[in-house]
Amino acid sequence: MSLTTQSGQSSAVSNLRICFYGAGSMAEALVRGLIHNNLAEPGRISMLNRQNADRLRELHDRYGIVTVQQGVSPEDLLQDADIVMLAMKPKDAAEAIAQIRHLLRPEQLIVSVIAGLSIDSLSRLIGKPVSIVRTMPNTSSTIGLGVTGLSYSAGVTDRQRIVAEQLFGAVGMTVTIPESMQDAVTGVSGSGPAYVYYFMESMIAGAVELGFDPEESRRLVLQTFLGAAEMVRQTGEDPAELRRKVTSPNGTTQAAIELMERDGLKTTVMGAVARSAERAGEIGKELERKINE
Ligand SMILES: NC(=O)C1=CN([C@@H]2O[C@H](COP(=O)(O)OP(=O)(O)OC[C@H]3O[C@@H](n4cnc5c(N)ncnc54)[C@H](OP(=O)(O)O)[C@@H]3O)[C@@H](O)[C@H]2O)C=CC1
Ligand SMILES: O=C(O)[C@@H]1CCC=N1
């Protein structure tokens with residue numbers, strides 16, 4: 001069966017087998033997005049993890065994807081894959097890759113979502129020439145509204161770039177960036193959903209303090225976020241300009257924003273974006289040190 005994308009075009013990915021090595025939240029976000037957007041058949045997607053059999057069972061039941069519980073060995077799943085997606089935590093990457101590198105083939109496309117892990121470090125962990133795509137997606141890929149930064153190793157072919165762009169394009173927006181910007185994209189959009197959730201949590205807490213029950217607070221805040229994000233998207237106006245339109249002179253919004261400015265909220269948020277990017281760099285350096293030991 002040949003799959004077509006939502007735009008009706010046939011996809012470069014549909015006939016490929018994808019093996020996820022790591023079955024956590026990011027892997028699930030991508031799988032859900034790929035299946036829901038009709039880009040990959042569940043029978044061509046497999047998942048491996050370290051030990052959590054219940055988690056694999058849950059993913060099989062939920063999406064129909066293949067796991068070792070369907071009687072296929074991890075070795076076969078990895079060797080048969082056209083694309084191997086590395087989706088474990090950075091601290092587990094070196095050990096996990098050491099366990100599978102003998103199974104990897106030069107014609108496979110290796111896609112990593114691991115924060116901080118450079119193409120050079122990953123190549124050294126694999127220890128033989130392979131095509132690598134370093135990516136930084138986010139969990140909004142689950143609903144097709146993700147953002148993914150993509151960077152390619154020197155050997156990646158045009159065809160492989162198309163495959164990578166289709167894979168991540170199926171679950172949101174893609175941006176091709178020099179690898180030197182991967183930590184920066186981690187600080188902005190990789191970690192970014194968590195900043196937004198934190199702001200939402202804070203507004204919900206504020207609404208509860210004012211007397212709304214938690215469910216009403218959640219509905220009010222959610223609609224406020226959806227409406228504001230759509231206003232930025234649909235009007236194309238600068239967020240600063242849209243903010244000015246809400247803010248009446250000497251009114252309620254001015255009073256609130258003055259408090260935020262007094263407490264340095266903008267500086268804090270800018271600092272948080274920078275700190276996440278910096279932490280991605282630190283993680284990369286820690287991995288490099290570990291590889292050189
Ligand atoms: N969560 C997010 O928002 C984002 C995460 N990322 C990146 O995605 C990666 C995964 O993150 P996330 O999904 O949150 O992590 P999770 O902790 O949810 O999942 C990690 C997975 O890796 C598996 N794993 C660990 N060690 C091994 C091993 N030796 N062999 C095989 N599988 C192994 C775990 O298996 P088991 O449970 O059996 O131990 C688990 O399935 C990270 O590198 C992170 O930087 C990137 C962008 C966004
Ligand atoms: O927190 C993390 O390290 C990962 C990378 C980006 C989002 N989550």
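Worth saying up front: this structure is predicted, and the values here are computed from it rather than measured. One-based numbering, in listed order, for ligands and for the atoms of each. In what follows, every heavy atom counts, from backbone to side chain, and hydrogens, waters and symmetry copies are set aside.
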Q: Mark yes or no: Arg32 above the aromatic ring of Tyr63, with NZ or CZ under 6.0 Å from the six-membered ring centre and no more than 45 degrees from the axis.
A: no
Atom 3 (O) of ligand 2 sits nearest the protein heavy atom Ala115 CB, 4.6 Å
closest protein heavy atom to atom 1 (O) of ligand 2 is Ser191 OG, 4.7 Å
Closest heavy-atom pair, Leu86 versus Ile110, reported as atoms and distance to 0.1 Å, is CD1-CG2, 3.7 Å
Closest non-hydrogen atoms of Ile65 and His60, given as atom of the first, atom of the second and distance, are O-ND1, 2.7 Å
Applying salt bridge (Lys or Arg N to Asp or Glu O under 4.0 Å) to Glu179 and not counting sequence neighbours gives Arg134
Apart from Val273 itself, its cluster of hydrophobic side chains linked below 4.5 Å comprises Val188, Tyr195
query = Does atom 7 (C) of ligand 2 have a protein non-hydrogen atom under 4.0 Å from it?
reply = yes
Put together the list of close N/O pairs, under 3.5 Å, between ligand 1 and the protein, could you?
{"residue": "ligand 1", "atom": "13 (O)", "partner": "Ser25", "partner atom": "N", "Å": "3.1"}
{"residue": "ligand 1", "atom": "13 (O)", "partner": "Met26", "partner atom": "N", "Å": "2.8"}
{"residue": "ligand 1", "atom": "14 (O)", "partner": "Ser25", "partner atom": "OG", "Å": "3.2"}
{"residue": "ligand 1", "atom": "14 (O)", "partner": "Lys89", "partner atom": "NZ", "Å": "3.2"}
{"residue": "ligand 1", "atom": "15 (O)", "partner": "Lys89", "partner atom": "NZ", "Å": "3.4"}
{"residue": "ligand 1", "atom": "18 (O)", "partner": "Ser25", "partner atom": "N", "Å": "3.1"}
{"residue": "ligand 1", "atom": "18 (O)", "partner": "Ser25", "partner atom": "OG", "Å": "3.4"}
{"residue": "ligand 1", "atom": "30 (N)", "partner": "Tyr21", "partner atom": "OH", "Å": "3.4"}
{"residue": "ligand 1", "atom": "32 (N)", "partner": "Arg50", "partner atom": "N", "Å": "3.4"}
{"residue": "ligand 1", "atom": "35 (O)", "partner": "Arg50", "partner atom": "N", "Å": "3.3"}
{"residue": "ligand 1", "atom": "38 (O)", "partner": "Arg50", "partner atom": "N", "Å": "3.1"}
{"residue": "ligand 1", "atom": "38 (O)", "partner": "Gln51", "partner atom": "N", "Å": "2.8"}
{"residue": "ligand 1", "atom": "38 (O)", "partner": "Asn52", "partner atom": "N", "Å": "3.0"}
{"residue": "ligand 1", "atom": "39 (O)", "partner": "Arg50", "partner atom": "NE", "Å": "3.1"}
{"residue": "ligand 1", "atom": "39 (O)", "partner": "Arg50", "partner atom": "NH2", "Å": "3.0"}
{"residue": "ligand 1", "atom": "41 (O)", "partner": "Ala23", "partner atom": "N", "Å": "2.7"}
{"residue": "ligand 1", "atom": "41 (O)", "partner": "Gly24", "partner atom": "N", "Å": "3.4"}
{"residue": "ligand 1", "atom": "43 (O)", "partner": "Met88", "partner atom": "O", "Å": "2.7"}
{"residue": "ligand 1", "atom": "45 (O)", "partner": "Ala115", "partner atom": "N", "Å": "3.1"}

Donor-acceptor pairs are to be reported for all side-chain atoms of residues 17-26 against protein atoms at under 3.5 Å, with residues two or more places apart or in another chain.
{"residue": "Tyr21", "atom": "OH", "partner": "Ala96", "partner atom": "O", "Å": "2.9"}
{"residue": "Tyr21", "atom": "OH", "partner": "Gln99", "partner atom": "OE1", "Å": "3.3"}

Q: Check whether Val163 and Leu122 end up in the same hydrophobic cluster, where Ile, Leu, Val, Met, Phe, Trp and Tyr are linked by side-chain heavy atoms less than 4.5 Å apart.
A: yes
If we number the atoms of ligand 2 from 1 as shown, the ones under 4.0 Å from a heavy atom of Gly190 are 6 (C), 7 (C)
Going by distance alone, is a donor N or O of one side chain under 3.5 Å from an acceptor N or O of the other, for Thr142 and Thr139?
no
